[in-house]
Participant: 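Below is a structure I'd like to ask you about.
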Amino acid sequence: MLSIHCFQFFLFSICVHISTVFIYFVYYSDLISTKYIQDIKPEYDYIIVGSGTAGSVIAHRLATETNYTFIVVEAGCRSHALLEAPVLGPFFHGSLLDWQFQTVPQKHACFAMKDRKCKLAQGKILGGSSKLNNMIHVRGNLSHYVDWFHGKHTKEYIEKQFEFIEQNILHLNNVQYQSDLSDAVLGAAKELNYDKLDTDFKLGFRKNIVSQNNGKRWCTSDNLDVNKHVVTNALVERVIFKGNTAVGIKIILSGRQSSIYARKGVILSAGAINTPKILQLSGIGPQKLLKTIGIPVVKNLPVGENLQDHIGTGLDFVLFNKSVSISAVDMINPIYVLNYFINGKGPWTTPGCEVIGFLSTKNQSGPDLQFMVLPVGLSSDRGSLLKNNVNIRDEVWDKYFSKSFDSYVGTILPLILHPKSRGHVYINSTDPKAPPLVDPMYLSHESDRETLINGLKLVIQFVNTKSIQNIGGYINQNHFPGCEHFEIFTDSYFDCYIKHLTLTSYHPVGTCSMGLPDSNKSVVDTSFKVLGVEKLYVADASVLPTLPSGNINAAIAMMASVFFDTSIKVKNHIPLCYANDLFAEYLFDVCFDR
Ligand SMILES: Cc1cc2nc3c(=O)[nH]c(=O)nc-3n(C[C@H](O)[C@H](O)[C@H](O)COP(=O)(O)OP(=O)(O)OC[C@H]3O[C@@H](n4cnc5c(N)ncnc54)[C@H](O)[C@@H]3O)c2cc1C
């Protein structure tokens, strides 16, 4: 048996090395072409920093609905068709396509990770984190978004924005490949009286809808004319101000510093970790922090505070005595590879997570917990990739995860939807290349731990259903290393377990919160404008004041679209029109104010 595991490890390791070499090739060929080909003008109407989910929605709408000049400035490289296969997502973690952020050592979480630091992958590539993500498309609960805008936009308006994005910007499919675990979990949910999930997220389960086009990953950046509108491998250092008006940005391109100017506005869409970093480097942030670092204060605002994330636990918690999916080794079967490249079908299209569910640990009508169901676990690849992605310590690996090698693993991952723990992102140097200190303070609020403990109990309930028993499911009975002194599956054991095995779902938000101008928690107003300065906007994950009820990519795209409508179209008196649905509009390709 040991020799099979060694062989599997060897095989996976070869795949990891091949993908690493290919990523180097993609990265460096773009770097060289950046030097000789990319053409940047000194001034545009708008500058967009970051080509991720949000930046690309804004760029696409600027290109297709206005005559404004603009440029998207992206620190990462262009992608490559071979990197679009959904199954390859985990290979990008820790690579040149990832900012490779880690948390500072955590007081209440991440004990099973090296130095108590959890890794927090974020995409550094054209398309941003949407090139690394699991492609799950969830609208979330619309009434939360109405609250974010303090009533400025109605639920119907938000719904229209989602419809617009779903019809014009994303490609959405049902998952193209499913394991036996999917149907078993849906069967279990039925046994436990959960409904099928409807659109306005309440409680219930469903198979995933994913952002894919013919089985290939689809990102908002895939709409862009890259040669015309994007410069890659260009790191934005800071915003340039004239008085209190943003007039441009300083960048490092091909090792050289230069400036680009914007007539109408600078839009920061660099994500929830990098946008606060750029603002702080530009003198917008907590006064005390900026003074300590020696940066002149342009505006004292709580930039970088209010960091939140959907936190979960439970990898390799559910085991099976028979296979519930094809094995990781099967993934390199040439038939599956060809099926993907020729038909856009089969296991290579897998987003990882096949089913999602929304539950309440408090018997309420709205969810406080999400389940993500994956037919793999941490030990599936025998330690060649995922162990490093999650930063697991060797001792924990040897004592716990490697013990699952002789079983089959699947994952029912409980995630807290509305955590109360809050952390921060602070720079600790004036060097734009230095990563900021990311302290999410995971699980620092006791109620978050309570929710997750109840979540693990719900996982056990699911595993005890007939549907899961029929496919040979059972709970891993090994004590988690570090928690041996607690009686297994008691509340105190689970409390210890989640503090050790703390997992991010890579959903950091909130670090440049949207809110009312007189609140001391707001960084941008409900028009996405940075408070107290002119012509500077933030539109990305960082403006979300709280976490949505579900995966966040669609909500970020929706926010970017609202930003475009309200702060570019309406502000510049360009009529709003979601579809040319009047005959005259259709005929003359215009929109009328309604
Ligand atoms: C591994 C993973 C799995 C996920 N799974 C899902 C999922 O299944 N469903 C879901 O809904 N959400 C998922 N998410 C979350 C979702 O993808 C992100 O929240 C979303 O893409 C963030 O969008 P954004 O525009 O705020 O930032 P990003 O998409 O991260 O874009 C920011 C861009 O700015 C660039 N940038 C940053 N700093 C600079 C600088 N100084 N100069 C120039 N450019 C810069 C970055 O390189 C990047 O391209 C996942 C995320 C990850 C990482």
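Since this is a predicted model, take the numbers as computed values, not measurements. One-based numbering, in listed order, for ligands and for the atoms of each.
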Participant: Looking only at distance, does Ala554 have an N or O less than 3.5 Å from an N or O of ligand 1?
Facilitator: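 No, since none of the N or O atoms of Ala554 sits under 3.5 Å from an N or O of ligand 1.
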
Participant: Decide whether an N or O pair under 3.5 Å exists between Ile136 and ligand 1.
Facilitator: yes

Participant: Which ligand 1 atoms are under 4.0 Å away from a heavy-atom of Ser269?
Facilitator: 32 (C), 33 (C), 34 (O)

Participant: By number and element, which atoms of ligand 1 are closer than 4.0 Å to a non-hydrogen atom of Ser130?
Facilitator: 21 (O)

Participant: Which ligand 1 atoms does Gly50 reach within 4.0 Å, using its non-hydrogen atoms?
Facilitator: 33 (C), 34 (O), 35 (C)

Participant: Is the closest N or O pair between Gly76 and ligand 1 shorter than 3.5 Å?
Facilitator: no

Participant: Is Ala560 touching ligand 1 with its side chain, its backbone, both, or neither, if touching means heavy atoms under 4.0 Å apart?
Facilitator: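 Answer for Ala560: neither.
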
Participant: Select one of side chain, backbone, both or neither to describe which atoms of Ala541 lie under 4.0 Å from any atom of ligand 1, heavy atoms only.
Facilitator: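 Both the backbone and the side chain of Ala541 come within reach of ligand 1.
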
Participant: Hey, is Ile125 one of the residues with a heavy atom under 4.0 angstrom from ligand 1?
Facilitator: yes

Participant: Is there a donor-acceptor pair under 3.5 Å between the side chain of Thr350 and the backbone N or O of Val87?
Facilitator: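 Not a single qualifying donor-acceptor pair exists.
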
Participant: To the nearest 0.1 Å, how far is atom 41 (N) of ligand 1 from its closest protein heavy atom, and which atom is that?
Facilitator: Val236 O, 3.0 Å

Participant: What residue and atom, counting heavy atoms only, is the protein's closest point to atom 36 (N) of ligand 1, and at what distance?
Facilitator: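 For atom 36 (N) of ligand 1, the nearest protein heavy atom comes out as Trp99 CZ2, 3.7 Å.
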
Participant: As a check for students: among Ala234, Gly127, Ala54, Gly140, identify the option with a heavy atom nearest to atom 25 (O) of ligand 1.
Facilitator: Ala54

Participant: Give the residue and atom name of whichever protein heavy atom lies nearest to atom 45 (C) of ligand 1, and the separation in Å to one decimal.
Facilitator: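 Heavy-atom neighbour on the protein nearest atom 45 (C) of ligand 1: Ala75 CB, 3.8 Å.
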
Participant: Say whether, by atom type as modelled, one donor and one acceptor occur between the side chain of Trp99 and the main chain of Gly123 under 3.5 angstrom.
Facilitator: yes

Participant: Looking only at distances, can you tell me whether any N or O atom of Ser505, backbone or side chain, sits closer than 3.5 Å to an N or O atom of ligand 1?
Facilitator: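 Between Ser505 and ligand 1 (N or O atoms, distance only) the closest approach is not under 3.5 Å.
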
Participant: Check whether Ser33 reaches the backbone of Asp30 with its side chain - one donor and one acceptor, N or O, closer than 3.5 Å.
Facilitator: yes

Participant: Using modelled atom types only, decide if a donor and an acceptor are shared between the side chain of Ser542 and the backbone of Ala272 within a distance under 3.5 Å.
Facilitator: no

Participant: Compare Gly52, Pro90, Ala555 and give the one whose heavy atom is closest to atom 33 (C) of ligand 1.
Facilitator: Gly52

Participant: Can you report which non-hydrogen protein atom sits closest to atom 51 (C) of ligand 1, along with the distance?
Facilitator: Tyr506 O, 3.4 Å

Participant: Any sub-3.5 Å donor-acceptor pair from Ser221's side-chain atoms to Ser56's backbone N or O?
Facilitator: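 A pair under 3.5 Å: no.
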
Participant: Within the 4.0 Å heavy-atom shell around Leu132, which atoms of ligand 1 are there?
Facilitator: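 Every atom of ligand 1 under 4.0 Å from some heavy atom of Leu132: 1 (C), 2 (C).
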
Participant: Flag Ile278 as yes when one of its N or O atoms lies below 3.5 Å from any N or O atom of ligand 1, and as no otherwise.
Facilitator: no

Participant: Between His507 and ligand 1, find which residue part has any heavy-atom pair under 4.0 Å and reply side chain, backbone, both or neither.
Facilitator: side chain

Participant: Measure the distance from atom 35 (C) of ligand 1 to every protein heavy atom, then report the residue, atom name and distance (to 0.1 Å) of the closest one.
Facilitator: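 Closest protein heavy atom to atom 35 (C) of ligand 1: Glu74 OE1, 3.4 Å.
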
Participant: Below 6.0 angstrom between ring centroids: does that apply to Phe22 and His80?
Facilitator: yes

Participant: Counting non-hydrogen protein atoms only, what is the nearest one to atom 18 (C) of ligand 1? Give residue, atom name and distance.
Facilitator: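 Of every protein heavy atom, Ser129 CB, 4.0 Å lies nearest to atom 18 (C) of ligand 1.
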
Participant: Decide yes or no for Arg217 and Pro351: does some side-chain heavy atom of the first lie under 4.5 Å from some side-chain heavy atom of the second?
Facilitator: no

Participant: Taking distance alone, with N or O pairs closer than 3.5 Å, would you say Gln122 contacts ligand 1?
Facilitator: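 N/O-N/O distance under 3.5 Å: no.
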
Participant: Counting each atom of ligand 1 from 1 as listed, which ones have a heavy atom of Gly128 under 4.0 Å away?
Facilitator: 29 (O), 31 (O), 48 (C), 49 (O)

Participant: Looking only at atom types and distance, does a side-chain atom of Ser95 sit under 3.5 Å from a main-chain N or O of Leu97, one as donor and one as acceptor?
Facilitator: yes

Participant: Got the closest protein heavy atom to atom 22 (C) of ligand 1, with its distance?
Facilitator: Ile556 CD1, 3.7 Å

Participant: Under the 3.5 angstrom rule, does the side chain of Asn141 hit a backbone N or O of Ser143 as a donor-acceptor pair?
Facilitator: yes

Participant: Pick out which of Asn227, Leu83, Val26, Ile125 makes a side chain to side chain contact (heavy atoms under 4.5 Å, CB included) with Arg78.
Facilitator: Asn227

Participant: Would a distance-only check, ignoring hydrogens and angles, find a side-chain to backbone donor-acceptor pair under 3.5 Å from Glu74 to Ser51?
Facilitator: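 Answer holds: yes.
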
Participant: What atoms of ligand 1 come closer than 4.0 angstrom to any heavy atom of His93?
Facilitator: 1 (C)

Participant: Can you sort out which atoms of ligand 1 are near Asp540, meaning under 4.0 Å from one of its heavy atoms?
Facilitator: 26 (O)

Participant: Restricting to non-hydrogen atoms, name the atom on Tyr426 and the atom on Glu305 that form the minimum distance, rounded to 0.1 Å.
Facilitator: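 Where Tyr426 meets Glu305 most closely, the heavy atoms are OH-OE2, 3.0 Å.
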
Participant: Write down the atom of Asp309, the atom of Leu547, and the distance for their closest heavy-atom approach.
Facilitator: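 Answer, listing the atom of Asp309 first, then Leu547: C-CD1, 3.4 Å.
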
Participant: Do the side chain of Ser269 and the main chain of Ala54 share a donor and acceptor less than 3.5 angstrom apart?
Facilitator: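 No: the side chain of Ser269 does not pair with the backbone of Ala54.
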
Participant: Suppose we measure from atom 27 (O) of ligand 1 to each protein heavy atom; which comes out shortest, and what is that distance?
Facilitator: Gly271 CA, 3.6 Å

Participant: Determine whether a donor-acceptor pair (N or O, by modelled atom type, separation under 3.5 Å) exists between the side chain of Asp45 and the backbone of Lys264.
Facilitator: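 No; judged by distance alone, with no hydrogens or angles, the pair does not exist.
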
Participant: What closest approach, in Å, do Thr411 and Gly377 show between heavy atoms, and which atom pair accounts for it?
Facilitator: OG1-CA, 3.6 Å

Participant: Can you name the atoms of ligand 1, numbered from 1 with element, that are less than 4.0 Å from a heavy atom of Asn553?
Facilitator: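 What qualifies from ligand 1 is 10 (C), 11 (O), 12 (N), 16 (C), 17 (O), 20 (C), 21 (O).
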
Participant: Is the ring centre of His144 less than 6.0 Å from the ring centre of His418?
Facilitator: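 Yes - the distance between ring centres of His144 and His418 falls below the 6.0 Å cut-off.
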
Participant: Kindly identify the option in Asp98, Asn133, Leu544 whose heavy atom sits closest to atom 3 (C) of ligand 1.
Facilitator: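 Closest candidate by heavy-atom distance is Asn133.
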
Participant: Check Leu126 against ligand 1 and report side chain, backbone, both or neither, counting heavy atoms closer than 4.0 Å.
Facilitator: neither

